[in-house]
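Below you'll find the structure, written out as structure tokens, and then a few comments.
As the structure is a computational prediction, the values presented were derived from the model and not from experiment. Naming convention: chains lettered A, B, ... in sequence-line order (proteins, then strands); numbering from 1 in each chain.
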Amino acid sequence: MLFQDLIFWALAAVAVVGALGVVLLRDVFRSALLLVLVFLTVAGLFFFLAAEFLGIVQVLIYAGAISILIIFAIMLTQNVQEGNLPNGLQFAAVLLPALLLVALAFVAFDTDWRLIADLPAVGGTAVEDAAFRDNTFTLSKLLLENYALAFGAAGTLLLASIIGALSLVRER
Amino acid sequence: MTPFLQENVVFREVYCFLGGNEGNASWCGGDGLLPGGFEWAAYFAAGFVIMFILVNAALLGAAVFVWSERRLLARFQARRGPNRWGPWGIFQPIADLLKLIIKEDIVPNAADRLAFTLVPIIMLMALLLSLAVMPFARNTYLVNLNVGILYIIAVSSMSTIAIFMAGWSSANKYAMFGAMRGVAMLISYEIPLVLSLVGVVLIVGSMSLVSVVEAQTVPFLLVQPLGALVFMLGISAELNRTPFDILEAESEIIAGYHTEYSGIKFALIQAAEMAGVLAASGFLATIFMGGWSGPFWSGQLGAFWFLVKLAGFVMLFIWIRATFPRLRIDQIMAFAWKFLLPLALINFLVTAVQVYFFGFYQGDVPGELTRNELWIMAAINIPVALIAIGIFGRFSREKVRVPEPVFQNIAPSPRTMEVD
Amino acid sequence: MAIRTEPVTINIGPQHPSTHGVLRLRVTFDGEVIVDVEPVFGYLHRGSEKLAEERNYVQVLTLTDRLDYVASMTNNQAYCIAVEKMLGVEAPLRGQYLRVLAAELQRAASHLVATGFLLQDLGALATPLMYCFRFREKILDLFEMLCGARITVSYMRPGGVFSDAPPDFWPALDDLMQEAPHLIQELEQLLMKNEIVLVRTKNVGVLSAESAIASSVSGPVLRASGVAWDWRKMDPYDIYDRLEFDVPVGERGDNYDRFRVRIEEVKQSLRIVEQCRDEIHPGPVRADVDAEAIDLVLERRGEAEKPLAEGPVRAELPFVLRPPAGAEAYGRVEAPKGELAFYLVSDGSIAPYRCKIRSPSLINLTVLRELLVGWKLADMIVTLGSIDINMGEVDR
Amino acid sequence: MYGFGLAKGLMVTLKNFIRPPFTIQYPEERIPQHPRFRGEEFAWYEERCTGCASCAKYCPLGIIKIVTSEGGRSPQEGGHYDIDVFDIDIGRCMFCGLCVEACPYDALFMGSGFERGRYERQDLVITVDELREAVKKPSTWFRPQLEDSGYDPHKDSALDWRAVGREKWEWHQREKAGARIKFRPARVGDKTQEGDGEARS
């Protein structure tokens, strides 16, 4: 347990410090790079929760694609080295994450966590066991059977936003 | 020790040698070197040994690849290639490396020093991480991840960030050009790349590379010709190989994103790129050619079969590099979106229908397609692939405006013309 | 809604892998698209024209080798023709045949270099370049037989060539002529129908016939635009009026046509070489003059002497030439890169009073901006390669 | 079919892959050099040299430096100038061979070497002592008498000064066998190049 605890705390510390850096650093480019770091550590935490599919998707989508787009956008800004000037959104910027934090804390304390190390000891049902062993399969089953409508709606929304973006930037 | 790790041959042997028997398991007899209570040390040492082997194999493989690529390219160009240092010039990469190590390590004044330094590390890290799931032989791998195929793509997409960091932090316009091109291209090619593997995942019913190898009673190159083609093209774009090497096109933007790198940092970037080709060939061999399974003695000669297939794909990469010019950026993007993506989608659709059809008679569990069913799929998929390539080739050819390659207007000799 | 973008200016060169020498291009980009191009040259300026005024007529010949150093033979030829016009001397027939033979071999070699580097600029990793150079090496071997050097040949002299071809030259030429069609065919197979080459070069960098004529470009660049203009046909010098060859002409004037015209010209050059080989007859290779002429020369120097012997004594064209004062000549050839001309003015001394070099590369380079604006960075490199400049000639 | 041209290109490179390479391993193998090759070590025959400095005069770069002093014997006795200095700075030489062409006494010849890499510019100057002591294997460039005798500096032994002259060889015999050409002194503004002289033969 020693190593796993150690690694967990290390990841958690890096994530928190990195997140603070994202907010506090002046250099926008570096804060974007720190954001990548945070994404990666969060992916590591997902692995700890035996949610390897989510972890991988976190790396692929967030660290691999979203952050690139963010950096791309940063590159188009004027003053990268000393961007991030204070403006009127500071109050909202504190309030919203605070609310989010409360929600997350509630979820965190409310959930019955089972670590990968406890896996052999999990005496749950066969379905639960299978969910731990192959959560990709379970996830896809859930998405395409139980939550098919929500999944489809999200996809449609994304498509609409892509088309909207295209029509905005299109040269006429 | 979890059963998860017990499957791994190397891990098991090292652990057994050091830590001894644990719980009277059948795979290990007798006591280990270390006294009782130090099982954690054995655990640690076993992991370390595997990582040591993997990292060194990757870097040495990169060195050997550099040598073989230079030799083979030279032969394709009717030259000889490096042949001075050691027999057949085999020590040439060592000489190169020594030269690069003793070179001055320059960081431009205007560069973002931290990001600039991190780039080679991230590139190499992304590559080495992707090797973790590759099965080299039966039960020989670092880890058998449930989401292996997705893992490869996710981890290798990290190199995109590295490329971007390099371009931005170098404070060089050429590097910036390379990075912009690279990011635009790599993100586009990731989509057909992922979609091309969906067919394989559907057939196998798992994303673990070990199960992919085990499920290949028929090489997936035949069952999934379109998928293999798209994956091959997509991965060579991800690796910046010709004809997709626009982000380090030396005739246009000097060296692209690593223009400002020198010395050991340059060596690391090169090592990552070269080992990237090896890794890509390994994945091609694993996913589409059956990995370590060979015509006979797959258990004993697994590593040999794997290496033979890997060498074949490496050779193919070098051959393509020796022959083709490079495409322009807009043509590359058009190729990804108008040619590869439709092909990947067709492959996905056809395979899904087939898997549903065959799975329908076999029960609800996918991944249990028999050999005969795979042959039937291959018989259907190969003509489908040819037709699809023909149709979309013609389609995208019109889109990129290639007129017919005729050149008949050689004027008749104007001998009658008089100049006074 | 439009996204506002900011143009970026990049200095491409003078140290760049594919500017074909020390050319600097100040390029303004909008993203990848070229907004403006301004060639800046002069980094290789050696003052050839001024140096020529300090050297006698044969010594200047060694300077011409170094103008377009991938096509020295045609430079020699243009210069020798100019000097001959001033002197009123004509090279003997065998000398002219040897000149044309060497010049056509040189044309093939130069076009092979141009083609190879064009494809190198496309990103073909030197493979076609190596094949082209393999061919070119064989031609350079022949040059070594002719004159003892491969690049800076100094083979021709005013009044012919300095010496006849050695006897082992002719079998070697036969070998080359047998091998050449295979090598060209291989090159064509590799590239002519290659989809990537087609996509990259067709319709890129189009130069219309009108603007080609208006901007005075010449050579393959002009012919690729559809203008059948070749000084070998229009104003035949040496023995070109005796030879049979075609002038390949392009359709649209894009990069592909320029590349294709060069390949066709290599074939035509080999055809001319073959005719020269078959038609050449023994005879003198360098003009010799009556003693009367030497008298004239001496007379002009104020050192008139009586001829040593009675009767028509013949002597070599002297090493130190003195064209009559006021004589001027415009010697013009169809060099591989276009119309190369030397304009010489004599003041009666042993060195030219003025030597003006009309270099095709410089004038062809002036259309670069027109070809490039609106295309992308990658096209710029290819178009520059297709114009086939040589900085030794641009900067002189 | 899309991609057919690409496949054809692949076949061409494969064909070349199987063929033997066209390059050579330089220090061990060498391309056969033609006897006419204009090379770096000059062959200079002191016995033939009169110290007239034609070579120095006709060098386009002026890199030949000659200092002479009067010899002991009078010209009637066959004496000539003593050569004190005969330096050729091949660091600036462009091997055009005009010095050889200018030499009226067949005393200077091109050599056939090309491997004189040095670390110091000073070492690139061929001094008179070096010229005297060198093994004299003259190139046949601009020396038809050597060419006619079939001399090959790479295969044959060094030549004595008596063997290299053109005394026994009738100057441009071969070339003079052909037809004469018309010579017409040029006048200013004259149109030149009418006809091609006499017909061939």
Exercise. Where on B:L114 is there a heavy atom nearer than 4.5 Å to chain A: the side chain, the backbone, both, or neither?
Worked result: both
Exercise. So what's closer than 4.5 Å to chain A heavy atoms on B:I153: side chain, backbone, both or neither?
Worked result: both
For this session: For this output row, return yes or no: ring centroids of B:F231 and B:F283 closer than 6.0 angstrom.
Result: no
Problem set entry | A:I61, part contacting chain B, at a heavy-atom distance under 4.5 Å | neither
Exercise. Centres of the B:F116 and B:Y261 rings: under 6.0 Å?
Worked result: yes
For this session: Answer with side chain, backbone, both or neither: which region of B:M165 has an atom nearer than 4.5 Å to a non-hydrogen atom of chain A?
Result: both
Problem set entry | Backbone of A:L40 reached by a side-chain donor or acceptor of A:Y62 within 3.5 Å | no
For this session: Check the side chains of B:S157 and B:T160 for a donor-acceptor pair under 3.5 angstrom, ignoring hydrogens and angles.
Result: no
